[in-house]
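Working notes, beginning with the structure itself.
Order of the sequence lines sets the chain letters (A, B, ...), proteins ahead of strands, with each chain counted from 1.
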Protein chains: 2
Amino acid sequence: MKIQKITIYDIAQRAGASASTVSSALDGSWKKRRISKKTAERIQEIAVQMDFTINRQAQGLRKAKSGLVGMILPEHNNRFFSDLSQSFAGEVRQRGNCPAIISTRRNEEEELEVVSNFISYAIDALFIVGATNPIALSKLCKSAELPHVFVDQPCELAPSIVTDNYFGAAELTNHLISFSPKSNQELSNQVYFLGGDATLPASSRRIDGFVDTLNNAGIGFTQSHINACGYDRDRAGKELNKLYAQRGGLPSILLINSIDCFEGALKFFSQLPEEEVTKCTIGCFDYDPFGILLRFPVHMIRQRANKLVKEAYDCIENNSGEPILKLIKPELIIP
Amino acid sequence: MKIQKITIYDIAQRAGASASTVSSALDGSWKKRRISKKTAERIQEIAVQMDFTINRQAQGLRKAKSGLVGMILPEHNNRFFSDLSQSFAGEVRQRGNCPAIISTRRNEEEELEVVSNFISYAIDALFIVGATNPIALSKLCKSAELPHVFVDQPCELAPSIVTDNYFGAAELTNHLISFSPKSNQELSNQVYFLGGDATLPASSRRIDGFVDTLNNAGIGFTQSHINACGYDRDRAGKELNKLYAQRGGLPSILLINSIDCFEGALKFFSQLPEEEVTKCTIGCFDYDPFGILLRFPVHMIRQRANKLVKEAYDCIENNSGEPILKLIKPELIIP
DNA sequence: TTAATTTGCAAAATCGATTGTGCAAATTTA
DNA sequence: TAAATTTGCACAATCGATTTTGCAAATTAA
């Protein structure tokens with residue numbers, strides 16, 4: 001049980017060498033620095049014996065690098081975001097670095113504060129997920145020369161990796177149409193889109209995909225068939241209730257945007273007789289494993305968290321920060 | 001856009017003061033160090049003007065503290081663990097520190113490696129969630145004089161905050177008994193426990209609570225009514241299928257241990273006619289919001305992630321590392 | 001008015017690593 | 001054998017903060 005932390009000076013003393021020799025023996029630069037193999041190996045052995053662990057703060061101070069890689073995201077307890085953190089943590093650790101993940105609760109000030117904080121720790125790179133104010137964040141990172149990449153929510157000033165929401169919505173809509181027992185003719189004015197925020201890029205692309213697919217299929221609809229009522233679970237339930245009352249029943253196809261809205265819808269469904277729900281073909285742009293375990297089929301779109309993270313890392317490592325937008329196709333989960 | 005980072009020396013020069021004066025003006029120790037209020041305020045203003053952010057590595061090196069607070073946990077994408085990280089992140093940031101959360105995939109070596117890594121960053125405290133090898137981890141922390149606390153999985157060498165599994169299981173069992181339309185007499189040999197690992201403290205305490213409650217209620221059962229078949233979803237589904245075949249139907253009460261097993265059970269349920277499932281009173285020791293949205297009632301036990309974290313922080317701040325075991329009662333979620 | 005305090009701050013050492021420079025000793029070349 | 005080169009390593013500066021020490025100047029006490 002050591003009490004004082006072992007430093008390179010302790011090793012130097014034991015090895016009868018200088019601290020600089022120890023340093024280069026341990027960080028692998030001994031060949032460049034013309035330390036003999038024999039000396040280097042002896043020092044490495046002693047380091048292991050003495051149970052040496054490097055002081056990352058001293059190292060970081062000198063090298064102006066920390067080995068920390070940061071990620072900010074809206075919240076931890078959300079399937080998609082926690083899939084992202086899981087992948088992120090794996091990728092970072094695979095590269096011998098240390099992940100630092102902080103949630104910023106979709107709060108603009110908190111985002112900026114956390115990034116400032118990260119900068120003062122000299123993190124080596126930053127992954128920004130679902131940013132509220134991408135422009136301000138990117139500017140802040142640039143002023144500190146911090147390599148960064150946006151995930152899920154794009155930024156025009158920096159590389160961005162985003163789910164191909166248009167493609168996903170189109171694919172899901174197509175799938176729902178072909179799964180429904182009704183003909184395209186019969187489906188006119190029977191297809192609804194519920195949830196999300198049309199002012200945000202993600203939802204707006206999804207709505208585009210939905211709309212274009214209906215048009216291509218010759219299925220009639222009006223603006224009233226698209227209800228981007230936000231992400232609140234209870235709100236979505238109420239809107240669905242209203243729709244049900246107006247129509248005197250569920251629509252033939254219902255595409256729900258976001259898992260939270262899906263929860264609200266589910267709550268409403270659980271009050272209806274099962275056969276009524278079964279008659280409605282249901283899709284959800286988001287994924288939850290419980291979705292496929294329900295008594296009626298739910299078709300889901302799952303974002304590829306792992307691929308998003310890998311592509312983002314690729315940008316950090318190879319892309320020199322030029323703004324690009326890379327779309328990742330999500331996958332359809334069929335019950 | 002600054003290119004070179006501003007340091008206290010830059011501020012010193014601009015203020016016509018020394019670096020040591022700047023340092024104490026900025027960290028609040030100026031009063032103790034007999035710097036005049038006027039000077040301190042002037043320096044603070046200049047610091048804001050120059051957009052100064054402290055270099056945490058230099059600070060950490062000198063103070064042998066980093067302002068980082070670490071947490072290790074088995075995985076990010078799990079409701080309970082991500083609730084814990086969310087609470088943890090909030091508590092840490094509230095104290096002006098920076099949370100670092102790393103998942104170690106229930107892998108003993110990975111746990112040790114990550115903790116070593118944390119130590120080399122001089123983190124100020126460590127929260128260890130669901131450890132695989134608590135003893136080894138605690139010893140490692142102690143050798144580095146790192147304050148630490150165990151959450152969810154206790155350790156006899158350090159303070160531990162754990163859900164009161166006995167209480168939770170007893171409460172859930174009691175609730176299921178009283179919810180069931182059958183009398184206690186009728187329930188004999190009709191109550192089952194499924195899932196979990198009886199060799200782990202958590203499950204074993206839950207089984208104790210289950211068993212004692214049945215005994216108290218005078219409900220007969222044998223060892224065959226307790227099937228701690230692990231945490232695998234498909235395995236749990238198979239075991240349930242087997243039980244169903246043997247008995248020629250579902251039991252009157254089924255207590256499922258862990259959300260993963262619940263998913264397996266749910267998959268099996270979805271193949272049965274609804275009225276058959278409704279006749280079985282179902283409980284789950286774990287929580288998922290989808291659970292209350294099913295077509296049949298599911299009674300759930302939810303661990304108080306936030307309280308666990310708060311109590312753990314309290315230990316770190318006030319407890320000086322003596323081993324204690326604190327139990328936190330979970331809450332019953334009624335559909 | 002002189003001695004004793006107090007006030008206000010600068011100087012310098014320190015934390016533990018990295019890295020440019022320089023200098024003997026060993027080796028090669030002429 | 002002497003000169004030139006290479007090998008192997010130590011020394012010292014440096015990163016940016018914190019903290020102990022010390023010393024004038026200002027203030028108070030005697």
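Rounded to a whole Å, the CD1 atom of B/Ile11 is 17 Å from the C1' atom of C/dC9. Computed from coordinates, the A/Lys37 NZ to D/dT7 P distance equals 16 Å when rounded to whole Å. One can place NZ of A/Lys65 at 19 Å from P of C/dA17, the figure rounded to the nearest angstrom. As rounded to whole Å, 13 Å separates atom C1' of C/dA25 from atom CZ of A/Arg34. As a whole-Å value, the separation of B/Arg62 CZ from C/dA17 P is 16 Å. The distance between atom CD1 of B/Ile8 and atom C1' of C/dA11, rounded to the nearest whole Å, is 13 Å. Between A/Lys63 atom NZ and D/dG16 atom P the separation is 16 Å, expressed in whole Å. If you measure from atom NZ of B/Lys32 to atom C1' of C/dT7, you get 16 Å, rounded to the nearest angstrom.
The only member of B/Glu109, B/Glu108, B/Gln153 that meets side chain to side chain donor-acceptor pair (under 3.5 Å) when paired with B/Asn133 is B/Glu108. Applying salt bridge (Lys or Arg N to Asp or Glu O under 4.0 Å) to B/Arg105 and the options B/Glu75, B/Glu110, B/Glu111 leaves one that passes, B/Glu110.
Taking every side-chain heavy atom of A/Thr21 into account, D/dA10 is the closest of C/dT19, D/dA10, D/dA17. For B/Thr39, taking side-chain heavy atoms from C-beta onward, the closest of the listed nucleotides C/dC9, D/dG16, C/dT19 is C/dC9. Closest to the side chain of A/Ser36, out of D/dG8, C/dA17, C/dA13, is D/dG8. Of all nucleotides listed (D/dT18, C/dT18, C/dA11), C/dA11 comes nearest to the side chain of B/Ser20.
A donor N or O paired with an acceptor N or O is not found under 3.5 Å between the base of C/dT7 and the side-chain atoms of B/Arg33.
In this structure, A/Thr7 reaches the sugar-phosphate backbone alone: every heavy-atom distance under 4.0 Å involves primed, P, OP1 or OP2 atoms, never a base. In this structure, B/Ala64 reaches neither bases nor backbone, as no heavy-atom distance under 4.0 Å exists between it and the strands shown.
A/Ser29 contributes no side-chain N or O that, together with a main-chain N or O of A/Lys32, makes up a donor-acceptor pair within less than 3.5 Å.
Ion pairing between a basic and an acidic side chain is recognised when a charged N comes within 4.0 Å of a carboxylate O; A/Asp83 and A/Arg302 show such pairing.
Of the two residues contacting DNA chain C, namely B/Ala58 and B/Ser18, the nearest-nucleotide position lying further toward the 5' end is that of B/Ser18. Summary of the strand contacts: B/Ser24 and A/Leu61 both lie near DNA chain D, and taking for each the nucleotide with the nearest heavy atom, the more 5' one is attributed to A/Leu61.
Counting non-hydrogen atoms of neighbouring residues, nucleotides and ligands closer than 6.0 angstrom, the CD atom of A/Gln13 reaches no more than 12 such neighbours.
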